[in-house]
Structure formats: C-alpha cells, structure tokens
Amino acid sequence: MLVLLAALSSILTFIAICLMVLFVKRVQSVNVNYRLRRHNIADAKTKEKEPLARRIYNFIRRMARPFSSWEASRNLDFKLKQAGIPLYGAEFMVVAVVGAGIVTLLIYIITMNVFVAPVIGLMVPLLLGGLVSVLVGRRKRAFTEQLGDCLNTVANALRAGYSFQQAMDVVAKEMEPPISAEFERVMTDITMGVTLEGALEQMNRRVGSADFDLVVTAVLIQREVGGNLAQILDTISDTINERIRMKREINALTAQGRLSSWVLIALPFAMAVFCWTFNHDQMMVFVDEEIGHYAAIFAIVMEILGYFVIQKIVDIEV
C-alpha cells in the first residue's frame with residue numbers, strides 16, 4: 001500500500017511540476033516569436049536575466065533538436081496544437097522521457113525494487129499522452145460551445161459593413177479562448193502570406209469539429225459563387241445552437257450512466273483499500289498466491305471492459 005501511495009504521489013507531483021513549467025510562458029496565439037523559436041532568436045537583455053522556468057525550457061528545447069525531424073514528432077506537433085499546448089512534439093517527447101526517468105529513480109529509491117520502478121516510470125508517458133487527449137477533447141468541446149456566438153458576431157459585423165477578414169479580427173479581439181486564439185492564429189497566418197482559404201482550412205484541421213467544417217465549407221462556397229454570407233451564417237448558427245441544446249439534454253439524461261462507470265472503477269479499489277486495512281491477511285492472497293495474481297488481472301480487465309461498454313451506451317451522437 002505504501003508503495004502504491006508513493007508511486008501515485010510521485011507521479012502527481014511530477015505532472016504538477018511539468019504543468020507549472022510548461023504554462024509559465026503560455027503562448028496565447030501563433031506569433032512571429034513562436035514561428036522563429038527553432039532559430040534560437042532571443043533578445044540579449046532577455047538572456048541576461050532569464051528566469052528558471054525559461055532556462056529549463058531552453059534545456060528541453062536543446063535536447064529535443066535531434067528528434068525534431070522524426071515523423072512521430074511532427075505528428076505530435078499537430079496534436080499539441082489541437083490541445084493548445086505551446087510545445088513542439090520533440091520537446092514533449094523529451095519531457096515524457098525525462099519524467100519517466102525521474103519517477104523511475106524516485107520509485108527505486110523508495111522501494112528498492114528493480115522491477116516495480118520501471119513499470120511505474122513507464123506510466124508517466126502514458127499519463128501525459130492521456131492528458132493531451134483530454135485537453136484536445138476539452139478544447140474541441142469549448143470551441144463548439146462558442147461557435148454559435150462567434151457566427152452571430154461575424155454575421156452582425158458583416159451587416160455593419162465589415163469585410164469577412166475584419167469580422168474575424170473582431171472575434172479574435174472580443175471573444176474568449178479557445179475560439180479567439182484560433183481566429184488570432186488565422187489572422188497571423190494571413191499576415192504571414194497564407195491565403196484566407198488556406199488559413200481557414202488549416203484551422204479546420206486543427207479544430208476537427210464537424211460544425212466548423214460546415215462553416216468553412218459555406219464560407220468557401222460563398223466566396224466563389226457569392227450570396228448573403230450573413231444570412232447563411234445565421235442559419236448555421238441556429239443549427240449549431242440547436243445541436244448544442246440537444247447534446248446538453250442528452251448529457252443530463254445519461255448522467256446516471258456516466259456516473260455508474262466511475263463508480264464501477266472506484267468501488268473495487270476502495271474496497272481493496274478497506275480490506276487491506278481491516279483484513280490484511282486475506283488480501284495477501286492477491287500478493288503472494290499465483291491464483292491471486294490471475295484474479296487481480298482478470299478483475300482489472302473486466303473493470304476496463306465494463307467502463308468502455310457503459311461509455312459506449314451513453315455516448316449518443318447528435
């Protein structure tokens with residue numbers, strides 16, 4: 001039990017430290033400095049008084065340079081952009097590897113077990129990868145929630161005489177992230193010489209939202225054949241808002257099922273801790289006996305299967 005608590009506390013501490021370091025200099029949008037970061041361009045005065053977090057980041061960046069050309073690193077670049085994490089893929093890989101090494105060393109110092117420490121250390125990259133996936137999903141949901149209001153803002157700006165590009169600039173300045181950050185990135189791409197169509201397509205790939213794909217398609221068609229773009233955006237906005245309302249109703253109706261999946265995961269572990277505390281000898285069967293090992297593995301596998309089955313039942317597409 002002490003080994004498990006030590007492992008969990010070490011992992012959580014490491015993740016907390018990583019998050020503090022990574023988000024000290026959080027990039028709000030893609031700007032010139034972000035694009036030129038690979039060229040190691042910095043102001044002389046900044047180099048004289050660099051904070052500790054910046055020094056750590058520069059060290060990570062230097063270690064990541066040999067891996068920046070890897071295909072896996074480039075794929076991870078795009079994933080991190082979707083999550084809104086201001087890191088390149090190679091830098092994230094370095095953080096994961098260094099974190100795994102630190103946690104492995106800490107667990108070995110605590111347990112002096114050469115087999116347990118590497119296994120727990122390998123959990124760090126898995127947890128960081130899961131964190132990225134969670135942030136991608138959360139950012140996508142937040143973007144979709146803001147999309148209806150964004151389209152209303154753009155439509156009203158068009159009626160007021162603004163061009164479409166000026167209307168996007170209004171969204172970038174007036175609305176909250178993540179949608180303002182994405183539109184600011186579009187404006188930066190256009191300033192750097194990318195066409196409006198290309199910038200919107202890149203944003204569409206980053207966001208990965210079916211609703212926004214409909215918006216981009218409508219805008220591109222309107223720019224080719226003409227039409228009342230403000231009215232088109234109003235219609236799309238009404239459709240998106242109706243879908244969001246239906247999703248919220250479905251989430252309310254399936255809340256019990258989603259809660260059941262978490263109870264299904266937490267209850268066996270809570271009972272294991274309770275039995276370990278009050279009936280230690282009986283729980284030692286899962287540690288000392290071979291049949292206990294098989295039983296524990298079987299129970300964990302069935303827990304995971306049960307969780308995914310419940311999630312599949314309550315996940316209703318709108």
Side-chain angles (χ1 to χ4, degrees), residues 1-23 79 83 85 92-93 95-138 141 250-316:
M1 185 61 189
L2 292 176
V3 174
L4 180 61
L5 291 176
L8 291 176
S9 61
S10 300
I11 293 172
L12 293 175
T13 302
F14 172 73
I15 292 175
I17 293 174
C18 285
L19 291 176
M20 290 176 61
V21 172
L22 297 179
F23 287 96
K79 195 76 173 177
I85 298 176
F92 187 83
M93 292 167 61
V95 171
V97 172
V98 172
I102 293 174
V103 171
T104 301
L105 180 61
L106 290 176
I107 297 302
Y108 178 74
I109 293 174
I110 294 172
T111 63
M112 299 302 293
N113 191 319
V114 73
F115 299 106
V116 174
V119 172
I120 297 178
L122 288 176
M123 292 174 62
V124 174
L126 297 177
L127 289 174
L128 291 177
L131 177 63
V132 171
S133 299
V134 170
L135 291 177
V136 169
R138 183 178 299 176
R141 288 191 296 270
I250 291 173
N251 287 335
L253 294 173
T254 58
Q256 183 177 357
R258 287 183 282 109
L259 179 62
S260 299
S261 64
W262 290 108
V263 172
L264 176 69
I265 293 235
L267 185 59
F269 291 99
M271 289 300 299
V273 172
F274 179 82
C275 294
W276 184 277
T277 304
F278 296 98
N279 196 353
H280 184 75
D281 294 337
Q282 185 176 359
M283 289 299 295
M284 288 302 294
V285 175
F286 294 99
V287 178
D288 298 332
E289 302 293 335
E290 184 176 1
I291 190 172
H293 298 166
Y294 291 130
I297 294 173
F298 179 76
I300 293 174
V301 171
M302 294 303 294
E303 285 281 317
I304 296 174
L305 289 177
Y307 173 80
F308 282 110
V309 168
I310 294 176
Q311 290 296 317
K312 190 67 176 178
I313 292 173
V314 301
D315 185 16
I316 302 174

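Bear in mind that the values here come from a model prediction, so they are computed numbers and not experimental data.
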So among Ile265, Leu264, Leu305, Leu259, which one has a side chain to side chain contact (heavy atoms under 4.5 Å, CB included) with Ile310? Leu264
Value rounded to 0.5 Å, distance of CD1 in Ile102 from CG in Leu106: 7.5 Å
Applying side chain to side chain contact (heavy atoms under 4.5 Å, CB included), run through Arg258 and Asn251 and close with a yes or a no. CA-CA 9 Å; Arg258 287 183 282 109; Asn251 287 335; 3.7 Å; yes
Measuring from Leu128:CG to Met93:CE, what's the distance to the nearest 0.5 Å? 12.5 Å
Residues in ring pair (Phe, Tyr, Trp, His ring centres under 6.0 Å) with Tyr307, at least two apart? Trp262
With sequence neighbours excluded, what pairs up with Phe274 under the ring pair (Phe, Tyr, Trp, His ring centres under 6.0 Å) test? Phe278
Indicate the atoms forming the closest heavy-atom contact of Pro268 with Glu303, along with that distance. CG-OE2, 3.0 Å
For Ile291, the side chain to side chain contact (heavy atoms under 4.5 Å, CB included) test, sequence neighbours excluded, returns Glu289
State which residues pass side chain to side chain donor-acceptor pair (under 3.5 Å) with Gln256; sequence neighbours excluded, sorted by chain then number. none
With sequence neighbours excluded, what pairs up with Leu105 under the side chain to side chain contact (heavy atoms under 4.5 Å, CB included) test? Ile109
What residues, two or more places apart in sequence or in another chain, satisfy side chain to side chain contact (heavy atoms under 4.5 Å, CB included) together with Pro125? Ala96, Ala100
